[in-house]
Amino acid sequence: MIKRGFTHLSVFFLYLLSLLPLPLLFFFARLLYYLLYYLIGYRKKVVRQNLTRSFPEKTLPEIKAIEQKFFRYLAELIFEIIKMATISEKETLKRVKFTGLEKLEQHFKAGESVIACTGHYGNWELGTLALGLHVSAKTLVIYKPITSKIFEAWFDKLRTKYGNIFIAMRQTLRGIAAYKNEPTLLCFASDQAPSRDESRYFVDFLHQPTAALLGIEKIAKSTNRPIYYFKVNVIKKGYYHVDVLPMCLNPSETKDYEITNLHFKFLEDIINEQPQYWLWSHKRWKFKPE
């Protein structure tokens, strides 16, 4: 009961924070960066290990430089997501721009559904929120629920404020069936980590075998929905540009694992350009091939 009350209080505090302008929140983000990186050392060992294994050609000073940039961005990202609770349509549209959405609209006008693929790179949350303001089809976002029902409800409210429909990962097929008679944009974060039981296929990603979920490939091949990759570019603090790139337009013609290897290759190329904007604090390589 005490824990539940504390969680409700935390959510209310986050709402109050969200009322502040982003420039002021970025000031708090700088303080949070020093707290996370220098005082607490939040998942610093995980980040260092992930970076070292992913970039074996880089020196320790180079790794540390990326590490510090990542923690600075992580702190900013936290406050950007908090701001989403009260951000206006106007500010959302100002902060996230898209190129290539007209390709999707051609499919929608033809009555076709499309699969959108991206990774946990840049502010994927804000990008998805803005996407709902741009496309004519229903935007269905596949996500992994968090443990706390109170925080889950808060997240669901801010994520769906502009019409996006969030579907829990284990309910993906049911969600697709519910909207089978109309064009939809089905969105996946392609770098989600599978559980041990789901770790059956490993892709070569960032110089190491990486367990991959096969959901995107299975759905794309069975429905022949074209796949577009949403490449997030960080323009400056709080501003993003998303390039919508055709990745696989005829999935039913591909070989096994071709689509999975392809979307990991897209993400790897993006990470190599500016590595500080990927979620390095995640324990992405917990499972290895037997």
Side-chain angles (χ1 to χ4, degrees), residues 10-38 40 42-43 47 65-101 116 118-135 139 141 143 146 151 154-164 166 187 189 191 229-245 267 270-282:
S10 298
V11 168
F12 180 66
F13 175 70
L14 292 177
Y15 170 76
L16 292 179
L17 271 180
S18 74
L19 296 171
L20 300 174
L22 261 176
L24 181 56
L25 292 179
F26 284 141
F27 170 76
F28 293 141
R30 176 53 66 116
L31 299 179
L32 180 61
Y33 159 64
Y34 287 112
L35 182 66
L36 292 177
Y37 188 72
Y38 291 104
I40 298 175
Y42 171 74
R43 293 200 172 186
V47 174
I66 298 171
E67 179 182 274
Q68 290 173 348
K69 288 178 182 178
F70 162 71
F71 274 100
R72 287 194 194 98
Y73 181 69
L74 178 63
E76 293 166 4
L77 177 63
I78 289 170
F79 281 98
E80 284 181 19
I81 292 175
I82 291 172
K83 181 62 183 177
M84 283 171 55
T86 54
I87 195 170
S88 66
E89 286 191 22
K90 182 179 180 181
E91 187 166 10
T92 302
L93 293 171
K94 181 179 74 172
R95 291 185 174 276
V96 185
K97 304 291 186 182
F98 292 87
T99 298
L101 287 177
T118 191
H120 289 89
Y121 185 94
N123 193 337
W124 64 92
E125 293 282 4
L126 185 61
T128 306
L129 184 69
L131 185 60
L133 294 170
H134 282 86
V135 297
T139 303
V141 184
Y143 78 107
I146 57 179
F151 274 114
W154 181 72
F155 263 116
D156 184 68
K157 187 175 181 180
L158 65 87
R159 285 166 162 170
T160 59
K161 61 191 291 184
Y162 297 142
N164 291 341
F166 273 67
C187 304
D191 53 351
Y229 200 94
F230 281 57
K231 180 184 178 184
V232 179
N233 305 282
V234 183
I235 304 303
K236 60 181 180 179
K237 190 180 296 185
Y239 288 86
Y240 301 88
H241 188 278
V242 183
D243 291 314
V244 181
L245 308 172
L267 179 59
I270 293 166
I271 291 171
N272 282 328
E273 288 178 17
Q274 289 185 301
Q276 65 267 33
Y277 300 122
W278 193 52
L279 195 60
W280 294 102
S281 54
H282 183 50

Set of residues satisfying ring pair (Phe, Tyr, Trp, His ring centres under 6.0 Å) with respect to Tyr121, sequence neighbours excluded = none
Closest heavy-atom pair and its distance - Ala75, Tyr33 | CB-N, 3.8 Å
Could you tell me which non-hydrogen atom of Val96 sits nearest to which non-hydrogen atom of Ala130, and how far apart they are?
-> CB-CB, 3.7 Å
Residues Tyr162, Thr139; criterion side chain to side chain contact (heavy atoms under 4.5 Å, CB included); working and verdict | CA-CA 10 Å; Tyr162 297 142; Thr139 303; over 6 Å; no
Under the side chain to side chain contact (heavy atoms under 4.5 Å, CB included) rule, what do Arg159 and Thr128 come out as? Steps first, then yes or no, please.
-> CA-CA 8 Å; Arg159 285 166 162 170; Thr128 306; over 6 Å; no
Straight-line distance of Thr118 OG1 to Asp191 CG, nearest 0.5 Å | 8.0 Å
Which side-chain N or O atoms in residues 78-87 pair as donor and acceptor under 3.5 Å with protein atoms at least two apart or in another chain?
from  : atom 1 : to     : atom 2 : distance (Å)
Glu80 : OE1    : Asn123 : ND2    : 2.8
Glu80 : OE1    : Tyr240 : OH     : 2.7
Glu80 : OE2    : Tyr240 : OH     : 3.2
Lys83 : NZ     : Ser18  : O      : 3.0
Lys83 : NZ     : Leu20  : O      : 3.0
Thr86 : OG1    : Ser18  : O      : 2.6
Thr86 : OG1    : Ser18  : OG     : 3.2

Work out which heavy atom in Ala116 is nearest to a heavy atom in Phe230; give both atom names and the distance.
-> CB-CE1, 3.4 Å
Answer yes or no for Lys236 and Tyr239: cation-pi contact, defined as NZ/CZ to six-membered ring centre under 6.0 Å and angle to ring axis within 45°.
-> yes
Quick one: are Phe98 and Leu133 in side-chain contact, heavy atoms under 4.5 Å?
-> no
Are there more than 12 heavy atoms of other residues, nucleotides or ligands under 6.0 Å from atom OH of Tyr15?
-> no
Distance col, row Asp243:CG vs Tyr229:OH, nearest 0.5 angstrom, shows 12.0 Å
Which atom pair, heavy atoms only, marks the closest approach of Asn164 to Gly132?
-> OD1-CA, 3.1 Å
Which pair of non-hydrogen atoms, one from Gly122 and one from Val234, has the smallest distance, and what is that distance?
-> CA-CG2, 4.3 Å
Is the number of heavy atoms from other residues, nucleotides or ligands within 6.0 Å of CZ (Phe12) greater than 12?
-> no
Out of curiosity, Leu22 CG to Glu91 CD, how far, rounded to the nearest 0.5 Å?
-> 5.5 Å
Sequence neighbours left out, what passes salt bridge (charged side-chain N to carboxylate O under 4.0 Å, His left out) with Lys237? Give chain and number order.
-> Glu76
List the steps, then state whether side chain to side chain contact (heavy atoms under 4.5 Å, CB included) holds for Leu32 with Tyr42.
-> CA-CA 11 Å; Leu32 180 61; Tyr42 171 74; over 6 Å; no
From Phe71 CZ over to Ile40 CD1, what is the distance, rounded to the nearest 0.5 angstrom?
-> 10.5 Å
Given side chain to side chain contact (heavy atoms under 4.5 Å, CB included), test Leu279 with Leu74 step by step and report yes or no.
-> CA-CA 8 Å; Leu279 195 60; Leu74 178 63; 4.3 Å; yes
Taking every non-hydrogen atom, the tightest pair across His134 and Leu101 | CB-CD1, 3.4 Å
Distance, nearest 0.5 Å, that separates CG of Leu31 from CZ of Phe27 = 4.5 Å
Got a second to check how far Phe166's CZ is from Tyr143's OH, nearest 0.5 Å?
-> 8.5 Å
Which residues satisfy the salt bridge (charged side-chain N to carboxylate O under 4.0 Å, His left out) test with Arg72, sequence neighbours excluded?
-> none
Quick one: list whatever passes side chain to side chain donor-acceptor pair (under 3.5 Å) with Trp280, sequence neighbours left out.
-> none
Sequence-distant partners of Trp124, ring pair (Phe, Tyr, Trp, His ring centres under 6.0 Å), two or more places apart = His120
